[in-house]
**Q** 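Handing you a structure now.
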Amino acid sequence: MIAITLPDGSVREYENGSSAFDVAMSISAGLARNVLSAQFNGQTVEIKDPLPGDGALVLYTWDQAEGKKAFWHSSAHVLAQAIQKIYPSARLTIGPAIENGFYYDVDFGEVSLQEKDFAEIETKMMEMARQKAVFKLRAISKEDALKYYSGNPYKTELIENLEDGTITFCDHSDFTDLCRGGHLPNTEFIKAVKVMNVAGAYWRGDEKNKQLTRVYGISFPKKSLLDEYLHLLEEAKKRDHRKLGKELDLFTFSQKVGQGLPLWLPKGAALRDRLEQFLKKAQKKAGYVPVITPHIGSKELYVTSGHYAKYGADSFQPIATPEAGEEYLLKPMNCPHHCEIYKSRPHSYKDLPIRYAEFGTVYRYEQSGELHGLTRVRGFTQDDAHIFCTADQVREEFNKVIDLVLYIFKTLDFKEFTAQVSLRDPEKPEKYIGGLENWEKAESSILEAVKEKGMPYVVEYGEAAFYGPKLDFMVRDALGRSWQLGTIQVDYNLPERFELEYKGADNEMHRPVMIHRAPFGSMERFVAVLLEHCAGNFPLWLTPEQIIILPISEKYLDYSKELLKLLDNYDIRALLDERNEKTGRKIRDAEMQKIPYMLIVGEKEEETQTVSVRKHGGEDLGSMPIDQFIQLVNEAVSAELIDN
RNA sequence: GCCGGUAUAGCUCAGUUGGCCAGAGCAGCUGAUUUGUAAUCAGCUGGUCGGGGGUUCGAAUCCCUCUACCGGCUCCA
């Protein structure tokens, strides 16, 4: 007998050779029907394989991430099988489960897989799934594994890197794949599949390697779940900032101006200005001083900073002048300029920390395929600042910046973000400048700060800037893509390159430490992600138009104009719909424009000197005197703008 | 930059196997209507069918090429 401990702590006895499925069966037939994967003593095991002895067992169904993972991992096998049947010469590589579905990277040789081929693959997959083929994991020797994949250089490479004795194959139906395990009991669980798209993907993620065809798919245990998922995707697309930005007249692009160069329309510009003013106020309070620097800088500036060596070839190329040998670069970041401001006069330790802030517009030649709405552009404005401080001050300054970022996120209602500590890739030291000692100091100060703050964080290696590690605040867009918004970076290297100094209490010269930080990240990206988060329903303090006055007919235009003037006197952003339209129409249009408050005025209101208030979405607040409405708006705005 | 897709009026989209002057709704303009909580009615204006080249008696439709956009990959100071 074996003793199995279940997640609730209870221990049950089973006969030797019992499987996770048998355990599920003993709990309930329903669970047995729904169990998709299992972990035994923390290791993923096959559901139908005998459990090796006593231990803790956790069973997973569709409702748990682990269950979905097994489901999609198994579906990837079926996808590979279908592809192999339709394209016998295709060479399979890897195919993992991902957050939403799975993919398989395939070398199709000369064949190019296209969208019109998806239906055939889906049909074949369903045909395979209906066979109710059992997934069976088996151990295989390295020699036999290599022999099996003798015609497949990709699998061969994978196997070469595995240790003999740890290699397993998974069989189902007539298909076999190199696999570590974690499968559904059989293929019949898969009731709906959809091939989502194809993309090029480099073998092992390296641009220098051959580009394979990545086939993305998703599958479900019920047809209705697939429909739901597709519906959800459609809904998410309605919140796409590119769509909303157009609908709400916030920004646009012009092929003639150039790709990746956003044009802010009046409403967008006003909104962005409001965000800037909000941050400027918070920064003033936190001891930042504004500086202003030009949009170009001499090439020498970037040679000194190291940016030229690192990015020069892939950047907007230098601007030549009539003077031979004179070259300027569009500034791709503000730090070198700020370093020169620091250097413009000598500093004492008593001056520090110095915090230079600038909404600095920078230009980066991003690869054309990378450009994406407002989230990835070639010209954008950073809410940048550089803090020059002593080594002793780094921790406190860093913590204060974290507080500022958190204050901004809280005010704008970004509840779901990930704090990511971005460190260097220890395997690729050539990607970074500066000595090991500086890097270690910088990295440990960031790790200490996040620990001190007690905030949850993830560590990503290889995500650091080339001059220093970062703490990045990642937020997802409507479609679940992750974007870096706020960033805080500790830098011991640029102060060295620019030979920055201050005189210490000991009358000796010392090198300051630099903290780069941008709470929004960039105005463009921040507005984009904010748009998607609020689906265009901006907070009242930020929204382009707060109020629209809807007169019932032209007879009430005079009264409406009085109201408009009054609201303007109170700095409330109001519009008047003077069109000769029915009220229903005016309300509809105001709803579409997502204006928070509609003031309906007719005979009744003019007589009693009131307004009828309708909120965006349909809530009727009834009639009230205009003074009372103004108070209501002001209170709503101050409730949103919590003090830091 | 790479793989796959898309490009028709200001916006959202039709346009059948290449074939009469390229269509609709919304927006805009003009007029009528004077309107009470999500679209009043009528008329009108508006298009180098993304750009260039080619095949053809004939191209929005087929081919080549460039550009931009969309989904990924790689990249992201």
Side-chain angles (χ1 to χ4, degrees), chain A residues 103 105 108 112-118 196-216 233 237 240 242-243 246-247 252-256 258-260 302 305-312 314-315 331-336 362 364-373 375-378 382 384 422 431 433 463-468 470 472 479 481 483-484 487 489 491 494 516 525 550-557 579-592 598-605 612-620:
Chain A
Y103 67 76
D105 282 351
F108 280 96
S112 141
L113 189 72
Q114 293 170 353
E115 249 172 65
K116 59 180 166 55
D117 305 318
F118 292 1
M196 300 300 288
N197 50 50
V198 279
Y202 302 101
W203 169 238
R204 304 214 129 179
D206 191 332
E207 209 179 357
K208 293 180 196 79
N209 287 340
K210 185 174 164 85
Q211 191 167 49
L212 308 166
T213 303
R214 178 166 297 177
V215 185
Y216 284 90
L233 277 186
K237 280 183 192 154
D240 190 309
R242 293 164 295 192
K243 181 176 157 69
K246 192 182 278 183
E247 285 170 6
T252 189
F253 289 89
S254 149
Q255 201 168 332
K256 201 167 261 177
Q259 63 178 156
Y302 303 102
S305 69
H307 289 93
Y308 188 77
K310 175 89 179 162
Y311 297 104
D314 303 318
S315 296
K331 78 173 167 188
M333 80 294 304
N334 305 298
C335 21
V362 298
R364 298 178 183 175
Y365 190 76
E366 305 290 2
Q367 295 182 58
S368 61
E370 265 313 318
L371 300 172
H372 184 100
T375 48
R376 194 78 186 273
V377 288
R378 285 180 170 169
Q382 296 178 311
D384 213 355
S422 302
K431 284 176 72 176
I433 59 168
E463 293 292 315
F466 76 96
Y467 51 75
K470 311 188 283 175
D472 293 325
L479 284 172
R481 290 174 290 222
W483 298 95
Q484 175 208 306
T487 181
Q489 310 169 2
D491 182 3
L494 288 189
H516 309 240
R525 186 177 286 175
L550 310 179
I552 297 290
S553 88
E554 284 173 358
K555 292 181 202 155
Y556 315 106
L557 266 182
R579 293 176 308 165
N580 191 356
E581 293 286 353
K582 291 189 167 182
T583 309
R585 176 52 181 273
K586 292 184 179 180
I587 288 172
R588 182 184 152 80
D589 289 345
E591 286 286 348
M592 306 281 276
M598 286 156 245
L599 302 184
I600 294 145
V601 293
E603 192 180 354
K604 210 167 53 194
E605 287 76 14
S612 284
V613 184
R614 179 192 157 112
K615 277 179 87 166
H616 172 67
E619 192 188 343
D620 188 352

**Q** Do you know the tightest heavy-atom contact between A/Glu605 and A/Ser612?
**A**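 A/Glu605 and A/Ser612 have their closest heavy atoms at OE2-OG, 2.6 Å.
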**Q** Nearest-Å distance, CG (A/Asp240) to C1' (B/C70)?
**A**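 Answer to the nearest Å: 10 Å.
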**Q** Could you give me the CA-CA distance, side-chain angles and deciding distance for A/Lys470 and A/Asp472, then say whether salt bridge (charged side-chain N to carboxylate O under 4.0 Å, His left out) is met?
**A** CA-CA 6 Å; A/Lys470 311 188 283 175; A/Asp472 293 325; 3.3 Å; yes
**Q** What nucleotide among B/U37, B/C69, B/U34 has an atom nearest to a side-chain atom of A/Gln259?
**A**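 Ranking B/U37, B/C69, B/U34 by closest atom to the A/Gln259 side chain puts B/C69 first.
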**Q** Using atom C1' in both nucleotides, what's the gap between B/U37 and B/C76 to the nearest angstrom?
**A**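 Between the two C1' atoms, the distance is 49 Å.
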**Q** Distance check needed: B/C73 P versus A/Arg204 CZ, whole Å only.
**A**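 Distance, rounded to whole Å: 18 Å.
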**Q** Between A/Ser612 and A/Ser112, just flag the one whose closest nucleotide in RNA chain B comes earlier from the 5' side.
**A**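 By nearest-heavy-atom nucleotide position, the 5'-most residue is A/Ser112.
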**Q** State which of B/C73, B/C76, B/G5 makes the closest approach to the side chain of A/Tyr216.
**A**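 The answer is B/C73.
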**Q** Tell me: CG of A/Leu494 to P of B/A77, nearest whole Å?
**A**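 In whole Å, B/A77 P lies 13 Å from A/Leu494 CG.
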**Q** Please evaluate the base of B/A38 for a donor-acceptor partner in the side chain of A/Glu591 within a cut-off of under 3.5 Å?
**A**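 Answer is yes: a donor-acceptor pair is held.
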**Q** Give a yes/no on whether any side-chain N or O of A/Gln114 is located under 4.0 angstrom from OP1 or OP2 of B/G5.
**A**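 The answer is yes; a side-chain N or O of A/Gln114 sits under 4.0 Å from OP1 or OP2.
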**Q** Which heavy-atom pair separates A/Ala465 from A/Gln489 by the least distance, and what is that distance?
**A**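 Here A/Ala465 and A/Gln489 meet closest at CB-OE1, 4.4 Å.
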**Q** For A/Lys555 and B/G36, what is the distance between atoms NZ and P respectively, to the nearest whole Å?
**A**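 Distance, rounded to whole Å: 10 Å.
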**Q** What's the gap between B/U45 and B/U30 when it is taken at their P atoms, as a whole Å value?
**A**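 Between the two P atoms, the distance is 15 Å.
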**Q** Do you know which two heavy atoms are closest between A/Ser368 and A/Arg378, and how far apart they sit?
**A**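 So the minimum-distance heavy-atom pair works out to N-NH2, 3.5 Å.
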**Q** Closer than 4.0 Å, any side-chain N/O of A/His372 to the OP1 or OP2 of B/C76?
**A**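 No, outside the criterion.
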**Q** What's the closest nucleotide to the A/Ala199 side chain, out of B/G71, B/G4, B/A77?
**A**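 The listed nucleotide nearest to A/Ala199's side chain is B/G71.
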**Q** Is there a Watson-Crick or G-U wobble partner for B/C49 with both distances under 3.5 Å, and if so, which one is it?
**A**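 Checking every strand shown, B/C49 finds no partner, since no pair has both distances under 3.5 Å.
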**Q** Are any non-hydrogen side-chain atoms of A/Leu599 and A/Val613 less than 4.5 angstrom apart?
**A**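 They are in contact (side-chain heavy atoms under 4.5 Å apart), so the answer is yes.
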**Q** Can you tell me the Watson-Crick or wobble partner of B/A7, both distances under 3.5 angstrom?
**A**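 B/A7 is paired, partner B/U67.
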**Q** Can you give one letter per nucleotide of nucleotides 8-16 of chain B, 5' to 3': B if a protein heavy atom sits under 4.0 Å from the base, S if only from the sugar-phosphate, - if neither?
**A** ----S----
**Q** Assign A/Glu581 to base, sugar-phosphate, or nothing according to its heavy-atom contacts below 4.0 angstrom with the strands shown.
**A**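 It contacts base atoms.
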**Q** Under 4.0 Å, heavy atoms only, any strand: does A/Glu603 hit a base, just the sugar-phosphate, or nothing?
**A**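 Base, at least one base heavy atom under 4.0 Å.
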**Q** Taking only the side-chain nitrogens and oxygens of A/Arg242, find out if one of them lies under 4.0 Å from OP1 or OP2 of B/C70.
**A**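 So the side chain of A/Arg242 is within the cut-off, an N or O lying under 4.0 Å from OP1 or OP2 of B/C70.
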**Q** What integer number of Å spans the P atoms of B/A9 and B/A24?
**A**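 Result for the P pair: 14 Å, nearest Å.
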**Q** Counting C-beta onward and ignoring hydrogens, is there a side-chain heavy-atom pair between A/Met333 and A/His516 closer than 4.5 Å?
**A**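 Answer no - side chains too far apart.
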**Q** Consider the side chain of A/Asp620, meaning its heavy atoms from C-beta on, and name the nucleotide among B/A77, B/U34, B/U37 that approaches it most closely.
**A**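 Selected nucleotide (nearest to the side chain): B/U37.
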**Q** What's the OH-P distance between A/Tyr103 and B/G4, to the nearest Å?
**A**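 In whole Å, B/G4 P and A/Tyr103 OH are 19 Å from each other.
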**Q** Taking B/C64 as the reference, what is the distance to B/U6 when you measure between their P atoms (whole Å, please)?
**A**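 Between the two P atoms, the distance is 13 Å.
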**Q** Under 4.0 Å: is that the gap between some side-chain N or O of A/Arg481 and OP1 or OP2 of B/G71?
**A**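 A/Arg481 to B/G71 OP1/OP2: side-chain N or O found under 4.0 Å.
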**Q** Roughly how many Å is it from NZ in A/Lys604 to P in B/G36, rounded to a whole number?
**A**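 Taking atom P of B/G36 as the reference, NZ of A/Lys604 is at 11 Å.
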**Q** Between A/Arg214 and A/Ile587, which has a closest nucleotide on RNA chain B that is more 5'?
**A**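 The residue mapped nearer the 5' terminus is A/Ile587.
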**Q** Only one of A/Phe118, A/Tyr103, A/Phe108 passes side-chain contact (heavy atoms from CB on, under 4.5 Å) with A/Val215; say which it is.
**A**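 Answer after filtering A/Phe118, A/Tyr103, A/Phe108: A/Phe108.
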**Q** Looking at A/Tyr556 and B/G36, is any side-chain donor or acceptor paired with a base atom of the opposite kind under 3.5 Å?
**A**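 Side chain to base: no pair below 3.5 Å.
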**Q** Expressed as a whole number of Å, how far does the C1' atom of B/A68 sit from that of B/G50?
**A**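 Nearest-Å result for B/A68 against B/G50 at atom C1': 8 Å.
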**Q** Calculate the interatomic distance between A/Phe253 atom CZ and B/G50 atom C1'; express it in whole Å.
**A**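 Value for this atom pair: 18 Å.
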**Q** Counting Watson-Crick and G-U wobble pairs only, both distances under 3.5 Å, name the nucleotide matched with B/C41, or none.
**A**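 Pairing partner, where one exists within any strand: B/G31.
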**Q** Give, for atom OH of A/Tyr311 and atom CZ of A/Arg364, the distance between the pair rounded to the nearest 0.5 Å.
**A**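 Atom-to-atom, A/Tyr311:OH and A/Arg364:CZ are 8.0 Å apart.
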**Q** Which part of the nucleic acid, if any, lies within contact of A/Gly584, taking any heavy atom under 4.0 Å across all strands shown: a base, the sugar-phosphate backbone alone, or nothing?
**A**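 Contact class for A/Gly584: sugar-phosphate only.
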**Q** In whole angstrom, give me the gap between the C1' atoms of B/A60 and B/U16.
**A**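 Here B/A60 and B/U16 have their C1' atoms 14 Å from each other.
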**Q** B/C73 pairs with which nucleotide, Watson-Crick or G-U wobble, both distances below 3.5 Å?
**A**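 Here B/C73 is engaged in a pair, and the nucleotide opposite it is B/G1.
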**Q** Quick one: which of B/G4, B/G1, B/A77 gets closest to the side chain of A/Glu207?
**A**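 Looking only at heavy atoms from C-beta outward on A/Glu207, the closest nucleotide is B/G1.
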**Q** Between B/G10 and B/A27, how many Å separate the two C1' atoms, rounded to a whole number?
**A**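 So the two C1' atoms sit 7 Å from each other.
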**Q** Looking only at side-chain atoms of A/Ile600, point me to the closest of B/A77, B/G5, B/G36.
**A**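 Closest nucleotide to the A/Ile600 side chain: B/G36.
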**Q** Taking the minimum atom-to-atom distance to the side chain of A/Arg588, which one of B/A38, B/U34, B/A77 wins?
**A**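 The closest nucleotide is B/A38.
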**Q** For residues A/Leu557 and A/Pro551, report the shortest heavy-atom separation together with the two atoms involved.
**A**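 Here A/Leu557 and A/Pro551 meet closest at CD2-CG, 4.1 Å.
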**Q** Which heavy atom of A/Ser305 sits nearest a heavy atom of A/Pro336, and at what distance?
**A**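 Closest heavy-atom pair between A/Ser305 and A/Pro336: CB-CG, 4.0 Å.
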**Q** Provide, to the nearest angstrom, the distance between the NZ atom belonging to A/Lys256 and the P atom belonging to B/G51.
**A**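 Nearest whole value for this atom pair: 13 Å.
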**Q** Give A/Thr213 one of three labels, base, sugar-phosphate or nothing, depending on what nucleic acid heavy atoms sit under 4.0 Å from its own.
**A**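 No contact.
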**Q** So, under a plain 3.5 Å distance rule, would you say the side chain of A/Arg376 forms a donor-acceptor pair with the base of B/C76?
**A**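 A donor-acceptor contact between them is present.
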**Q** With rounding to the closest Å, how many angstrom separate the C1' atoms on B/U61 and B/U56?
**A**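 That atom pair is separated by 13 Å.
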**Q** Nearest heavy-atom pair of A/Glu366 and A/Leu371: which atoms, and what distance?
**A**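 The answer is CB-CD2, 3.9 Å.
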**Q** In Å, rounded to the nearest 0.5 Å, how long is the span from CG of A/Asp589 to CG of A/Leu550?
**A**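 Interatomic distance, A/Asp589 CG to A/Leu550 CG, rounded to 0.5 Å: 9.5 Å.
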**Q** For the side chain of A/Val198, starting at C-beta, report the closest nucleotide among B/G36, B/G4, B/C76.
**A**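 Nearest to the side chain of A/Val198 among the choices is B/G4.
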**Q** Counting just side-chain N and O atoms, does A/Arg614 come under 4.0 Å of either OP1 or OP2 of B/A38?
**A**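 True: A/Arg614 side-chain N/O within range (under 4.0 Å) of B/A38 OP1/OP2.
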**Q** Hey, does the side-chain of A/Glu366 have a donor or acceptor N/O within less than 3.5 Å of a partner on the base of B/G1?
**A**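 No pair found.
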**Q** Could you identify the nucleotide paired to B/G36, looking across every strand shown and requiring Watson-Crick or G-U wobble geometry with both distances under 3.5 Å?
**A**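 Base-paired to nothing in any strand shown.
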**Q** With a 4.0 Å limit, can you tell me whether A/Arg585 has a side-chain N or O closer than that to the phosphate oxygens OP1/OP2 of B/U40?
**A**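 Looking at the OP1 and OP2 atoms of B/U40, one of them is under 4.0 Å from a side-chain N or O of A/Arg585.
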**Q** Quick one: label A/Glu115 by what it contacts on the DNA or RNA (base, sugar-phosphate, nothing), any heavy atom closer than 4.0 Å.
**A**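 Counting heavy atoms under 4.0 Å across all strands, the contact made by A/Glu115 is with sugar-phosphate only.
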**Q** Counting just side-chain N and O atoms, does A/Tyr311 come under 4.0 Å of either OP1 or OP2 of B/A77?
**A**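 So the side-chain polar atoms of A/Tyr311 do come within 4.0 Å of the phosphate oxygens OP1 or OP2 of B/A77, strictly under.
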